[in-house]
> 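Here it is: the structure, laid out below.
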Amino acid sequence: MPPTPSSSKAKRPLPSPTSNGHRRQHMEVRKKLPVYQFRKEICELVYQNEVVLVVAETGSGKSTQIPQFIYENGKLKNFHKNISSANRKLRLAHTICVTQPRRVAAITVAKRVAEEMGCETGTLVGHRVRFDDSTDIQGRNTSRIIYATDGMLLREATADPLLTRYQCIVLDESHERSLQTDILFGVVKRAMKARTRSKYIDEKNSCSVSEEFEKDKLIQMRMRKKAKELELVPLHVIVMSATLEVETFQSYFPQSKYIKIPGRQFPVQTLFTPDYQEDYIDSALSTALQIHKYEEEGDILIFLPGSEEIENLAGLLRKYLSEESELGRSISSDEKSGEHEIKKRDMVQSIKGMGTDLHSGHGSIVNGVLVCVLYAALPPEQQIFAFQSKPQGCSRKIILSTNIAETSVTLDGIRFVIDSGKCKERDYNSATGMESLTVADVSKAQARQRSGRAGRVSAGMTFRLYPEIAFDTLDETTAPEISRVNLAQVVLQLKGMGIHDPRSFDFLTTPSQQAMLKAFKQLYALEALDDTMELTTYGKEMAKLPLDPTFAHLLLQSPKYECTAEMLTAISMLSAENIFYRPGGSGDSEDSSGLSAKAAAAHKRFTSYEGDIPTMLTVYNCWRKEAIYISSAKGGKKERKRRRMQMEEASRKNSKSSKILHGDWCTRNFISGRALARAHDVRQQLSEICSRETSRNGLGFDVNVSCGDDIVKLLKGASAGLFLQAASRVSNSVEINKSIRKDMQKGITNTGRGRYKTKIGGAEVNLHPTCSLFGRNPPPKCVVYTELLVTKRTYIRGATQIKEEWLAEVAPKFFR
DNA sequence: TAGGGTTTT
């Protein structure tokens with residue numbers, strides 16, 4: 001059996017659950033996993049210690065097996081002998097919660113474990129992710145092993161900081177150091193300290209003396225008292241990590257014990273280039289062609305930083321593969337016949353039944369090689385080529401991917417990895433408050449992770465497009481996300497949990513004080529915090545919303561401007577991934593350039609003169625009017641089947657009307673169906689929270705208040721919500737006139753310029769080309785925006801036109 | 001005028 005990382009467990013064909021025979025079969029498979037031999041040792045460690053660190057490489061089976069060992073061993077349950085029968089009835093602290101950084105992993109691993117245990121998902125084993133909670137279907141509290149996203153457990157901790165339901169928390173994939181996992185570390189430690197029966201050694205006690213810190217100590221004492229009253233059993237924590245970063249975790253949990261479990265990987269030979277490469281695209285191209293020429297079989301995975309590089313290289317590969325083969329053929333025939341003519345023939349064949357009319361370029365075979373691209377912004381229909389097995393007549397697959405293939409998805413059959421050594425990295429400058437996304441060197445850990453992708457099916461090879469001395473200079477690990485983002489939402493979240501001073505929160509890696517301060521300032525400006533940095537009533541409302549503070553404020557301002565229904569839609573759409581699908585590509589194939597024109601034309605009908613907020617409304621409203629969609633957000637298999645039938649029925653009924661199915665509507669309009677569906681789900685969740693009574697932890701306002709066609713109300717609402725992010729056009733007349741004259745000479749009539757200066761901060765920014773205002777002539781004098789990001793230039797996105805004088809009206813404290 | 005890695009509530 002090849003080693004398989006956790007997230008793909010459920011993809012393997014499995015016998016159907018429930019029968020004893022099948023359970024036995026599963027048992028055989030389980031016994032072969034490296035982790036199985038350690039089951040007794042693991043259980044003993046967990047039983048005797050409150051924190052256990054498990055270091056296990058890919059393919060050990062840790063994610064699926066360890067929670068089952070703990071459950072089956074049952075020793076932890078013995079703690080319950082000591083608790084009162086009343087609490088036993090409450091079923092407190094019976095459950096094991098395993099957190100995952102990604103939704104898909106939580107769902108698929110839960111499914112796999114349920115199959116191994118011979119039950120349906122949602123019974124003994126369940127998953128809990130946003131919009132999809134299988135543990136909620138058959139009455140609460142049935143699941144004893146819950147796989148949840150770490151964000152979901154974090155939300156739960158807001159209402160229940162003691163994590164009363166759980167006896168054991170397993171923090172999986174800790175080495176990834178995602179924002180949510182990192183916060184969860186502190187939250188779990190807090191609950192553990194309150195529930196422990198032994199004295200907790202607190203290494204942080206001596207270093208902080210702030211008043212808030214004293215308040216936090218008081219709260220900790222109260223939590224301890226409550227835990228005692230509830231007779232809560234001690235909380236056991238298992239930290240699972242794939243790489244050896246034990247020291248970091250051990251100094252964080254000084255009382256922890258640690259166990260190392262071998263993984264199951266085939267050996268991967270690593271090759272470096274002798275010198276630094278000037279152009280990694282060119283270098284990747286020749287490496288891939290050489291592998292293809294000299295190596296018998298095995299698929300190739302190439303890691304590149306972004307979609308642009310990927311589409312470029314894909315175009316080059318297709319071109320060279322067809323030409324080289326032709327060239328090779330003509331040279332060999334040349335030797336015999338002396339002919340020099342290189343025949344040009346169309347070598348590109350479409351795979352029947354796989355491609356859509358739209359994007360056949362992505363799934364095409366060139367001389368027996370399937371070149372496919374993979375990045376998150378690519379619609380799922382386009383991504384499938386990378387996952388499907390090779391079609392007939394195809395001997396090799398070359399996949400070009402971003403770091404999505406590092407952790408988020410698994411690809412089968414990879415024997416060769418080509419690593420550019422580059423990735424796009426998000427960073428945050430707390431001095432300017434600007435986020436950036438730029439090409440950076442990968443870390444050693446990342447490079448190893450990439451190499452590992454070649455050793456899943458058999459021994460593999462990895463080709464690093466940089467010299468070994470360059471590898472030695474790389475950072476050991478990537479900086480944790482918490483040190484690279486705007487912390488406003490983190491601070492709001494911690495405040496919402498009743499942590500008075502987030503600066504003294506027990507972080508695994510404490511973010512910079514400057515970044516913290518910046519977040520405080522932003523929240524203060526939004527009036528979420530008062531002069532004493534205490535959460536205001538308004539701040540408490542903001543914390544109830546699963547949104548960035550900017551969007552939370554935008555939504556909470558909407559009732560005042562009578563545009564709640566509209567803002568709900570706009571925020572849901574803007575906080576989703578890219579709604580508009582723009583077929584990428586180098587433009588070297590006619591196919592792709594024609595497609596981007598088609599997409600642009602399709603998008604044009606949604607474009608509003610006033611900018612992105614009204615544009616998003618138009619897309620959503622058109623979709624509601626023209627497409628048939630039934631949400632599949634909640635419910636199990638049966639429920640989904642029922643909904644699908646409902647949708648087909650609706651489609652039949654609507655056959656006479658102009659309504660079409662969701663998928664067709666999205667394809668026709670070059671809209672990402674997944675993003676739109678998600679936006680719809682987000683909208684439903686937000687409006688549920690908004691309309692729920694305040695006594696039930698809601699916000700208690702009418703979500704149906706609409707401004708109708710009164711766009712001024714909407715734009716004023718946008719001004720009030722986004723006043724911190726306003727910018728006015730740079731009107732350097734000399735400069736503008738010069739460029740207009742130049743354009744006129746070139747015959748360009750569209751002389752609109754989208755250059756702005758932010759009202760607060762005074763940064764020079766540009767309208768991002770994906771803004772609906774991009775290209776408007778003349779561009780608006782003043783805009784508000786939802787995002788500011790530095791890539792090749794400093795861009796604002798989500799821009800909407802406002803009137804400058806409104807700012808004084810909506811935020812008099814800031815503008816006069 | 002010219003373009004965004006990945007994730008989550």
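Just so we're on the same page: letters track the sequence lines, and every chain starts at 1.
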> Determine: side-chain N/O of A:S307 to OP1/OP2 of B:dG5, distance under 4.0 Å, yes or no.
yes

> Let's see if you can work this out: which of B:dT8, B:dT6, B:dT9 has an atom nearest to the side-chain heavy atoms of A:Y375?
B:dT6

> Could you tell me whether A:E425 contacts a base, only the sugar-phosphate backbone, or nothing, with contacts defined as non-hydrogen atoms closer than 4.0 Å?
nothing

> Quick check on B:dG3: is either OP1 or OP2 less than 4.0 Å from any side-chain nitrogen or oxygen of A:R582?
no

> NA contact type, A:V129, heavy-atom cut-off 4.0 Å: base, sugar-phosphate, or nothing?
sugar-phosphate

> Any idea which of B:dG5, B:dT9, B:dT8 is nearest the A:N403 side chain?
B:dG5

> Are A:Y795 and B:dG3 close enough that a side-chain N or O sits under 4.0 Å from OP1 or OP2?
yes

> Begin from the C-alpha positions of A:R155 and A:R130 and carry the test side-chain contact (heavy atoms from CB on, under 4.5 Å) through to its verdict.
CA-CA 10 Å; A:R155 271 280 145 191; A:R130 191 183 190 185; over 6 Å; no

> Between A:T770 and B:dA2, does any side-chain N or O lie under 4.0 Å from OP1 or OP2?
no

> So does A:S178 get a side-chain nitrogen or oxygen closer than 4.0 Å to the phosphate oxygens (OP1/OP2) of B:dT6?
no

> Would you mind reading off the distance between A:R776 atom CZ and B:dA2 atom C1', rounded to a whole angstrom?
19 Å

> Less than 4.0 Å between a side-chain N and a carboxylate O, is that true for A:E764 and A:K757?
no

> Quick one: list whatever passes side-chain contact (heavy atoms from CB on, under 4.5 Å) with A:E309, sequence neighbours left out.
A:Y280, A:I281, A:L304, A:P305, A:V439

> Just the rounded figure in Å: distance from P of B:dT9 to CG of A:L555.
19 Å

> Touch check for A:L437, heavy atoms < 4.0 angstrom, all strands: base, sugar-phosphate only, or nothing?
base

> Heavy atoms within less than 4.0 Å of DNA chain B: which residues of residues 150-158 of chain A have one? Give them sorted by number.
A:G151, A:M152, A:R155

> Return whichever of A:Q685 or A:G306 has its heavy-atom-nearest nucleotide of DNA chain B closer to the 5' end.
A:G306

> If I take atom CZ in residue A:R102 and atom C1' in nucleotide B:dT9, what distance separates them, rounded to the nearest angstrom?
16 Å

> Just how far, in rounded Å, is P of B:dT6 from CD1 of A:I482?
22 Å

> Heavy atoms from C-beta onward define the side chain here; which of B:dT6, B:dA2, B:dT9 lies closest to that of A:R103?
B:dT9

> Within the structure shown, what part of the strands sits under 4.0 Å from A:Q489 by heavy-atom distance: base, sugar-phosphate, or nothing?
base

> Between A:R128 and A:D133, is the closest basic N to carboxylate O distance under 4.0 Å?
yes

> Spell out, as yes or no, whether a donor-acceptor pair under 3.5 Å connects the side chain of A:S143 to the backbone of A:T135.
no

> What is the separation between atom CZ on A:R130 and atom C1' on B:dT8, rounded to the nearest whole Å?
8 Å

> In terms of relative ring orientation, are A:F580 and A:H603 parallel, tilted or perpendicular, with 30° and 60° separating the classes?
tilted

> Can you sort out the partners of A:R103 under salt bridge (Lys or Arg N to Asp or Glu O under 4.0 Å), two or more places apart, ordered by chain and number?
none

> On DNA chain B, compare the nucleotides closest to A:A377 and A:D548; which residue's is nearer the 5' end?
A:A377

> Which nucleotide in the list B:dT7, B:dT1, B:dT9 gets nearest to the side chain of A:F774?
B:dT1

> Are A:E435 and A:R426 close enough for a salt bridge, meaning some N to O gap below 4.0 Å?
yes

> Among B:dT9, B:dA2, B:dT7, which nucleotide has an atom closest to any side-chain atom of A:P769?
B:dA2

> Measure the distance from CG on A:N486 to C1' on B:dT7 and round it to the nearest whole Å.
16 Å

> Could you state the CG-P distance from A:D427 to B:dT6, rounded to the nearest angstrom?
17 Å

> Decide whether a cation-pi geometry holds between A:R776 and A:Y609; the criteria are a distance under 6.0 Å from NZ or CZ to the six-membered ring centre and an angle within 45° of the ring axis.
yes

> Figure out the CG/C1' separation between A:N578 and B:dG3, and round it to whole Å.
10 Å

> Could you tell me whether A:E787 contacts a base, only the sugar-phosphate backbone, or nothing, with contacts defined as non-hydrogen atoms closer than 4.0 Å?
base

